[in-house]
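Data first, discussion second: the structure below is written as structure tokens.
Sequence positions, counted from 1, serve as the residue numbers for this chain.
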Amino acid sequence: MSRLLSIFMIGLGGYFAYQNRYRLINVLFGNALLRRFLVSSVMSFPGIRDRMMSSVFSSGASEGRQ
């Protein structure tokens, strides 16, 4: 019975976290220390870092260079 209650509470917590996901993100990114930690941990993944850098520093015709 205790295990069933735990599974139910985890599901309920996940539901409320999903409903308030944008508020949670704003709280996390509102703290400078947490923001620095989250950004540095995400940028440590090579695939994400390469995709981000290529989109920020892309050299295309839209920039006016040829």
Side-chain angles (χ1 to χ4, degrees):
M1 185 67 179
S2 165
R3 187 175 187 136
L4 184 63
L5 184 62
S6 296
I7 292 172
F8 176 74
M9 293 301 287
I10 289 171
L12 190 64
Y15 172 75
F16 283 117
Y18 180 76
Q19 289 293 315
N20 297 309
R21 63 189 179 271
Y22 297 114
R23 288 183 185 177
L24 290 172
I25 290 171
N26 285 336
V27 167
L28 289 176
F29 284 124
N31 186 337
L33 186 61
L34 281 175
R35 180 174 54 237
R36 179 175 291 206
F37 174 74
L38 289 172
V39 170
S40 65
S41 63
V42 168
M43 292 300 277
S44 69
F45 294 111
I48 295 173
R49 184 183 59 232
D50 292 342
R51 198 176 315 161
M52 184 81 74
M53 290 299 144
S54 69
S55 70
V56 170
F57 299 113
S58 66
S59 60
S62 64
E63 292 180 357
R65 293 188 215 160
Q66 295 177 1

Report, one line per pair, each donor and acceptor closer than 3.5 Å where one atom sits in a side chain of residues 13-27; sequence neighbours left out.
from	atom 1	to	atom 2	distance (Å)
N20	ND2	F16	O	3.2
R21	NH1	Y18	O	2.8
N26	ND2	Y22	O	3.3

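When hydrophobic side chains of Ile, Leu, Val, Met, Phe, Trp and Tyr are connected at separations under 4.5 Å, I7 ends up as a singleton with no cluster partners.
Across every non-hydrogen atom of S44 and S41, the tightest pair is OG-O, 2.6 Å.
With sequence neighbours excluded, no residue forms a side-chain contact (heavy atoms from CB on, under 4.5 Å) with L4. Every residue meeting the side-chain contact (heavy atoms from CB on, under 4.5 Å) condition with M43, not counting sequence neighbours, appears here in chain and number order: V39, R49, M52, M53. Under the rule for a side-chain contact (heavy atoms from CB on, under 4.5 Å), the partners of L34 that lie at least two apart in sequence or sit in another chain are L28, N31.
In this structure, OG in S40 is found 12.0 Å from CZ in R35, a value given to the nearest 0.5 Å.
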